[in-house]
K.L.:
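The structure that follows is given in the form of structure tokens.
Note that the structure is predicted; figures quoted are calculated from it, not measured. Every number for a ligand or one of its atoms is a count from 1 in the order of the listing.
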Amino acid sequence: MAEFAARATARWRAIDSLLPDPVAGNGAAPGGQDAHCGASLAVGAGGNLDAFGTCRHTEPDPAGIDLSWGMARRFELAPRVVGPAPAAALDRLISLWRRHLADVPGSDEDDTAAVITWPSRDIEGVAALQRHGLRPLAVVALRAARRAARGARGPGRQAGPVRVRQAGPHDVDAVVRFGAEVARFDAHFSGTPERPGTAAALRHEAARLLGDQPWTWLAERDGKPVGMIATQPPAHATWIAPLTRLSPVAYTLLGYVTPDERSSGIGAALAAHLHDTVDPAGVAATLLHYEQLNPYAAPFWSRQGYRPLWTTWEARPARSLR
Ligand SMILES: CC(C)(COP(=O)(O)OP(=O)(O)OC[C@H]1O[C@@H](n2cnc3c(N)ncnc32)[C@H](O)[C@@H]1OP(=O)(O)O)[C@@H](O)C(=O)NCCC(=O)NCCS
């Protein structure tokens, strides 16, 4: 197994220098949920071990924000592949996993998903993931800190008469309102059903985001909030830190601009405030999720310096895995 781990590590390093070592990051959707199952699946054995993965069954906290962006029961596989034919190895591993899930009670229920979080740049696996009926839904994107000073303000920093200011504890309502808008907007692409607990979960998150020295900014026109960026500092972003070798990381939970104010540079101005804060604070990387099919997200975040690191592939319900 040590030799397999060394080869899997070498493979990931060659594919993307920002990935963690496979043993450190489990490649499954991160989070603090209780996981069970732990079934190990292997293709080959000993020196001929070509693929290995552990299955985790998780159920996000019904009161937590994670549930607003995904299924209620998740069956996650963290595959590692090595050897000259990684696509074939992954293909066989997913076939084993499919057989495993066929025996798991409830894996055919509506609110379930079979989930593989796969390195975005590991393009060799894409055909196998598609063949098994998995769809690429969300992306974890990363922006590495700029070591050099940013110099002049970013191009979108002066967004006309719109003022950007750091948010504080009294801004909970605006953060919750914009957070709910993001959840509603993302539901078009994530296929997540509306969750009754979203508002309460957002209120809880907002209180944390707006604690000491918040890394949350609001854009205001005439004193009225029109946009927001809300980021967890490293102490609150440890749950996602294992997804990259860079450390420490911050995590942007929410980015939003009201529809009538979009495309005028407000989003860019908000991102510039964030980056002007996180870079000097020693944050090595800022991570965020966006929905692959959100037509606003990928181009926008790409312009702000983010690029895909992981792609989450899902089959829903879990037993629809082919
Ligand atoms: C993603 C989002 C936050 C971007 O905010 P935004 O204020 O529209 O972003 P910007 O205006 O800075 O940049 C977007 C566009 O404006 C252009 N732009 C940037 N600065 C500009 C400026 N100073 N003047 C004019 N246009 C500008 C950009 O080039 C870009 O061009 P495009 O319209 O052709 O795409 C916003 O679209 C949004 O809220 N979307 C819905 C929710 C969502 O997707 N959230 C992100 C989930 S991960």
K.L.:
Under 4.0 Å between a side-chain nitrogen and a carboxylate oxygen: does that hold for Arg203 and Asp173?
P.N.:
yes

K.L.:
Ligand 1 and Gly255, any nitrogen or oxygen pair closer than 3.5 angstrom?
P.N.:
yes

K.L.:
Determine whether the aromatic ring centres of residues His289 and Tyr251 are separated by less than 6.0 angstrom.
P.N.:
yes

K.L.:
Short list, please: which atoms of ligand 1 are under 4.0 Å from a heavy atom of Tyr256?
P.N.:
39 (O), 42 (C)

K.L.:
Determine whether a donor-acceptor pair (N or O, by modelled atom type, separation under 3.5 Å) exists between the side chain of Ser95 and the backbone of Asp91.
P.N.:
yes

K.L.:
Does some non-hydrogen atom of Glu181 fall short of 4.0 Å from ligand 1?
P.N.:
no

K.L.:
Heavy-atom count around Arg98 CZ within 6.0 Å, excluding the residue itself: above 12?
P.N.:
no

K.L.:
Which ligand 1 atoms does His289 reach within 4.0 Å, using its non-hydrogen atoms?
P.N.:
48 (S)

K.L.:
What atoms in ligand 1 come closer than 4.0 Å to a heavy atom of Ala268?
P.N.:
12 (O)

K.L.:
Any idea which of Ser263, Pro299, Ala272 brings a heavy atom closest to atom 16 (O) of ligand 1?
P.N.:
Ser263

K.L.:
For a quick test of reading the model, state the closest non-hydrogen atom pair linking Leu288 to Thr252 and the distance between them.
P.N.:
CB-O, 3.6 Å

K.L.:
Using a strict cut-off of 4.0 Å, indicate which atoms of ligand 1 neighbour a heavy atom of Asn294.
P.N.:
43 (C), 44 (O)

K.L.:
Before signing off on this row, confirm whether Trp301 and ligand 1 have an N or O atom pair separated by under 3.5 Å.
P.N.:
no

K.L.:
Minimum distance, heavy atoms only, to atom 42 (C) of ligand 1: which one of Phe300, Phe185, Tyr296 is it?
P.N.:
Phe185

K.L.:
Would you find more than 12 non-hydrogen atoms of other residues, nucleotides or ligands less than 6.0 Å from Arg135 atom CZ?
P.N.:
no

K.L.:
Can you establish whether the number of heavy atoms outside Phe189 located under 6.0 Å from its atom CZ is more than 12?
P.N.:
yes

K.L.:
Under the side-chain hydrogen bond (donor to acceptor under 3.5 Å, both in side chains) test against Glu76, which residue among Thr58, Thr312, Thr54 passes?
P.N.:
Thr58

K.L.:
Consider salt bridge (Lys or Arg N to Asp or Glu O under 4.0 Å). Of Arg11, Arg13, Arg80, which one does Asp122 pass it with?
P.N.:
Arg11

K.L.:
Could you tell me whether ligand 1 has any atom less than 4.0 Å away from a heavy atom of Glu291?
P.N.:
no

K.L.:
Would you say Val257 and ligand 1 have an N/O pair spaced under 3.5 Å apart?
P.N.:
yes

K.L.:
Any N or O on Gly267 sitting closer than 3.5 Å to an N or O of ligand 1?
P.N.:
yes

K.L.:
If you count the atoms of ligand 1 from 1 in the order shown, which ones are under 4.0 Å from a heavy atom of Ile266?
P.N.:
7 (O), 11 (O), 12 (O)

